[in-house]
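Below: the structure, in structure tokens.
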Amino acid sequence: MFLSLRTEVEAALEGALSELEFPTDDLGIEEPPEDVESVLASSVAFRLASEAGAPPPQVAGQLADEIDADELTYVSEIQTQGPYLNFLPSDAYFAETLTAGTDESYGALEDREESVVVEHTSANPTGPVHVGRARNPIIGDAVANLLDIAGYDVDRHYYVNDAGRQMAVFTWAYETFDEDDLDGEPERDRIEYDLVRYYRKGNAYLENASEADREAAEAEIESIMQGLEAGDESAYERVSEVVDQVLSGMKGCLARLPAEFDEFVKETRFMRNGDTNDLVARLKELDEAVYEEDAWQLELEAHGIDKNLVFLRSDGTSLYATRDLAHHEWKFDNYDRAVTVLGEDHKLQARQLDTTLELLGNDTEGLQQVLYSYVNLPEGKMSTRRGTGVDLDDLLDEAIDRARQEVEDRLDDRIRDDDLDEDDIERIAHQVGIGAVRYDIVSKQPTKAITFEWEQALDFEAQSAPYVQYVHARCCGILEEAGLDPDTGLATQDIELESLEADLLATEAERDLLETIARFPAVVDEAADDLEPHQIATYTRTFADRFNAFYRECPVLADDVDPEVREARLALVAASKHTVANALSVLGVEPPRSM
RNA sequence: GGGCGCGUAGCUCAGUCCGGAAAGAGCGUCGGACUUCUAAUCCGACGGUCGUGGGUUCAAAUCCCAUCGCGCCCGCCA
């Protein structure tokens, strides 16, 4: 409803301005501070003062007089407060919000008939997912969810770097060393924990071996890369044996979040199908192409990038960037938009990619990156190769353990008599534990650096997932108590929506809650435009505050509540439930029925 | 050295893109609220030269310039 109201206010204000022969290029629309009654305001009078030859408050008065609120649907009144114009919501605004909110898909925007591929995580299949990279699947999954609810047709891709030197090293190590050569036991009973030991062993060997041994190993690694480049089936199969196993383990870890993918796209695909070769040929034709020091490169200085992009090594093999160009042209062929979630260290490459794609004649309008900075440990960076870092599995285990402890501690002083059984405790521990980890990461601007600390990552206090989840559980508790199904829209249940009177929701707490619910679709819209899921997290916090105020002030099921008020409040609780459930689902945080 | 990002309360962060109404939360500290639809909740108090210095503007945390601190990048690695 907020979006409709904004459109209406803009039109009305623009009309008034042109009627008074004022410029209409800047309407000065803004959201007022909390203690102001209106839902939308304008500060346009400031700018008009000199032109009108009158002080701003007087100009505001003129504008307010010019607009007839009776002709507006969602605005009941236009007040001036000094130089500000305040637009107050009408009964229809509240009534329509209440009805719309009772639909279980509230917040989902209209289908835009536009496809978008969200590529995220894409971690090299070298070993267990560690916390340093955990921001990627969590942010990526939320971005995908966000675009989905905002009306886009979303596919989620994991780009598998199976053609790089790292995988050749891994393959060589896997084939060369035996179990006996490895250091220690796998840290966990899953395949990537087992195999990463070969990778670490191989890297250590290359660092410490004698010159001759190292050269022999390098020759083997080189031959694997050449084999891949030549489209040699046996080289592909050798590498795949490692890649597929490690990747399957990593999928298992990511599924715990859960972060699921529609497709795992291997970069060798673009070597095997000839796209990379074709692309190299086209790159050579560009004006920017130069052949220097036996390697083909692109000079991008004229495009504001002073680092050359090498696209063909002196030994004739392609590079990651070359294949990624082919990969992205493939994305352009199949999708309207392409969003990639990347660590900030890939920023320069992203610019090179974008610029080069454009030079190749692509429209890169639909290509966007979401950049985040890595999570570091207090003692420094995490690294799979060196084996430093906290595994995501360990973080999730610890989160669940602590959440379980929390549930058990609270068991004794529960008021609600709903007898949580073992399954409930386990369910809540998972929902809260994993939710807390995801929420902590997704609620912050991705560009801010994070230093990982256990205590901070696993804080279940306010401004965390459980705080918001608790609101959801409260909503469900009330609805269930009233004999309603929390998960289903009210339209199909035993409650008459037509006879609902939003004006029965007259207290300040009810109005504030309803206004907050009304804003949800607009928040989705803006967050999706900006590719910023943390805006949804910020919203859930405000929402939870508003709901808790309502919960405190307004009993729903108490005996002395008028039956009609009770119905209206039930509808408000249902609308709240769907709002918070859908907001949480964007964040990938599960909404518990009870906790 | 150059490019990019970050700097808001003791701590963790919103707000910055698109300038407007005495800067907002949470944690921590202190003090309150469970015979009530769930106290993982709520209420109150304390706490801020928005890194610093200039500039633009009727108005700057927000825009511009400079400067300091931290991070990332500047590979024929990915």
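So that the names make sense, note that chain A is the first sequence line, chain B the second, and so on, each numbered from 1.
Nucleic acid contact class of A/Arg385 (heavy atoms, under 4.0 Å, all strands): none. At the heavy-atom level, A/Val556 lies under 4.0 Å from base atoms of the strands shown. A/Gln166 comes within 4.0 angstrom of sugar-phosphate atoms only, judged by non-hydrogen atoms across all strands, and of no base. Using a 4.0 Å heavy-atom cutoff across all strands shown, A/Val573 reaches no nucleic acid atom at all. Residue contacts for A/Val432: at a heavy-atom cut-off of 4.0 Å it reaches a base atom on one of the strands shown. A/Glu526 comes within 4.0 angstrom of a nucleotide base, judged by non-hydrogen atoms across all strands. Within 4.0 Å (heavy atoms only), A/Leu319 reaches sugar-phosphate atoms of the nucleic acid but no base atom. A/Cys476 comes within contact range of no nucleotide atom at all, as no heavy-atom separation falls under 4.0 Å. If you check every strand for non-hydrogen atoms under 4.0 Å, A/Thr538 touches sugar and phosphate atoms only. Using a 4.0 Å heavy-atom criterion, one finds that A/Leu570 contacts no nucleic acid atom at all.
Within the 4.0 Å cut-off from OP1 or OP2 of B/G3, not a single side-chain nitrogen or oxygen of A/Arg351 is found. At B/C72, none of the side-chain N or O atoms of A/Tyr372 fall inside 4.0 Å of OP1 or OP2 (strictly under the cut-off). Close to B/C42, at under 4.0 Å from its OP1 or OP2, lies a side-chain N or O of A/Asn548. For the pair A/Gln445 and B/G15, the criterion of a side-chain N or O lying under 4.0 Å from OP1 or OP2 is met. Taking only side-chain nitrogens and oxygens, A/Tyr467 comes nearer than 4.0 Å to OP1 or OP2 of B/C42. Within the 4.0 Å cut-off from OP1 or OP2 of B/C37, not a single side-chain nitrogen or oxygen of A/Arg566 is found. The phosphate of B/C43 (OP1 or OP2) has a side-chain N or O of A/Arg552 nearer than 4.0 angstrom. At the phosphate of B/G2, neither OP1 nor OP2 sits under 4.0 Å from any side-chain N or O atom of A/Lys307. A/His346 has no side-chain polar atom (N or O) that falls below the 4.0 Å cut-off from OP1 or OP2 of B/C72. A sub-4.0 Å separation between OP1 or OP2 of B/C37 and a side-chain N or O of A/Arg474 is absent.
Pair check for B/G75 finds none; no Watson-Crick or G-U wobble contact set falls under 3.5 Å. Under the Watson-Crick or G-U wobble criterion, with both distances below 3.5 Å, B/C37 is left unpaired in every strand shown. In this entry B/G47 has no Watson-Crick or G-U wobble partner, no candidate having both defining distances under 3.5 Å. When both distances must be under 3.5 Å, the Watson-Crick or G-U wobble mate of B/A59 does not exist. Applying the Watson-Crick and G-U wobble criteria (two distances, each under 3.5 Å), B/A22 pairs with nothing in any strand. Across all strands shown, B/C70 forms a Watson-Crick or G-U wobble pair, both distances under 3.5 Å, with B/G5. Summarising the base pairing, B/G10 is matched to B/C27 through a Watson-Crick or G-U wobble pair whose two defining distances lie under 3.5 Å.
A/Asp560 places its CG atom 12 Å from the C1' atom of B/C37, with the value rounded to the nearest Å. Separating the CD atom of A/Gln535 from the C1' atom of B/U16 is a distance of 12 Å, rounded to the nearest angstrom. Spacing between atom NZ of A/Lys347 and atom P of B/G5 amounts to 5 Å, rounded to whole angstrom units. Per the geometry, CZ belonging to A/Arg404 stands 19 Å off P belonging to B/A40, to the nearest Å. If you measure from atom CZ of A/Phe46 to atom C1' of B/C18, you get 17 Å, rounded to the nearest angstrom. One interatomic measurement links the two molecules: CG of A/Leu300 to P of B/G2, which rounds to 22 Å at whole-angstrom precision. Taking atom CD1 of residue A/Ile221 and atom P of nucleotide B/C76, one finds them 19 Å apart after rounding to whole Å. Computed from coordinates, the A/Asp345 CG to B/C72 P distance equals 9 Å when rounded to whole Å.
Residues passing the side chain to side chain contact (heavy atoms under 4.5 Å, CB included) test with A/Asp562 are A/Glu564, A/Val565, sequence neighbours excluded.
The separation of B/G19 from B/A59, taken at their C1' atoms, amounts to 8 Å, rounded to a whole angstrom. Taking the P atoms as reference points, B/U62 lies 12 Å from B/U16, given to the whole Å.
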Residues A/Arg135, A/Tyr374; criterion side-chain contact (heavy atoms from CB on, under 4.5 Å); working and verdict: CA-CA 7 Å; A/Arg135 253 178 147 170; A/Tyr374 278 94; over 6 Å; no

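Between A/Tyr539 and A/Phe520, the ring-plane angle classifies as parallel under the 30° and 60° cut-offs. Between A/Tyr159 and A/His327, the ring-plane angle classifies as parallel under the 30° and 60° cut-offs.
Closest contact between the side chain of A/Ser314 and the listed nucleotides B/C73, B/A40, B/C76 involves B/C76. Distance from the side chain of A/Met595 is smallest for B/A40 among the nucleotides B/A14, B/C58, B/A40. With distances taken from any side-chain atom of A/Arg313 to the nucleotides B/A39, B/C76, B/C18, the minimum falls on B/C76. Comparing B/A40, B/C76, B/G71 against the side chain of A/Glu344 picks out B/G71 as the nearest. For A/His534, the listed nucleotide lying nearest its side chain is B/G15; candidates were B/A40, B/G15, B/C76.
A donor-acceptor contact closer than 3.5 angstrom links the side chains of A/His303 and A/Glu288. Side chain to side chain, A/Arg427 and A/Ser594 meet the donor-acceptor criterion of an N or O pair below 3.5 Å. Side-chain contact of A/Arg519 with A/Thr542: a donor-acceptor pair under 3.5 Å is absent, judged by distance alone. A/Asp530 and A/Gln535 form a side-chain donor-acceptor contact under 3.5 Å, judged by distance and modelled atom types alone. Between the side chains of A/Ser318 and A/Glu229, at least one donor N or O lies within less than 3.5 Å of an accepting N or O.
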Heavy-atom protein contacts under 4.0 Å, nucleotides 21-33 of chain B, coded B base, S sugar-phosphate only, - none: B---BSS------

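Screening residues 32-50 of chain A for salt bridge (charged side-chain N to carboxylate O under 4.0 Å, His left out) gives A/Asp26-A/Arg47, A/Glu34-A/Arg546 as the qualifying pairs, with residues at least two apart or on separate chains.
Anti is the glycosidic conformation of B/C65, whose angle departs from 0 by more than 90°.
In this model, no side-chain donor or acceptor of A/Thr447 finds a partner on the base of B/C6 within 3.5 Å.
Relative to the ring axis of A/Tyr551, A/Arg474 places its NZ or CZ within 45° and under 6.0 Å from the centre.
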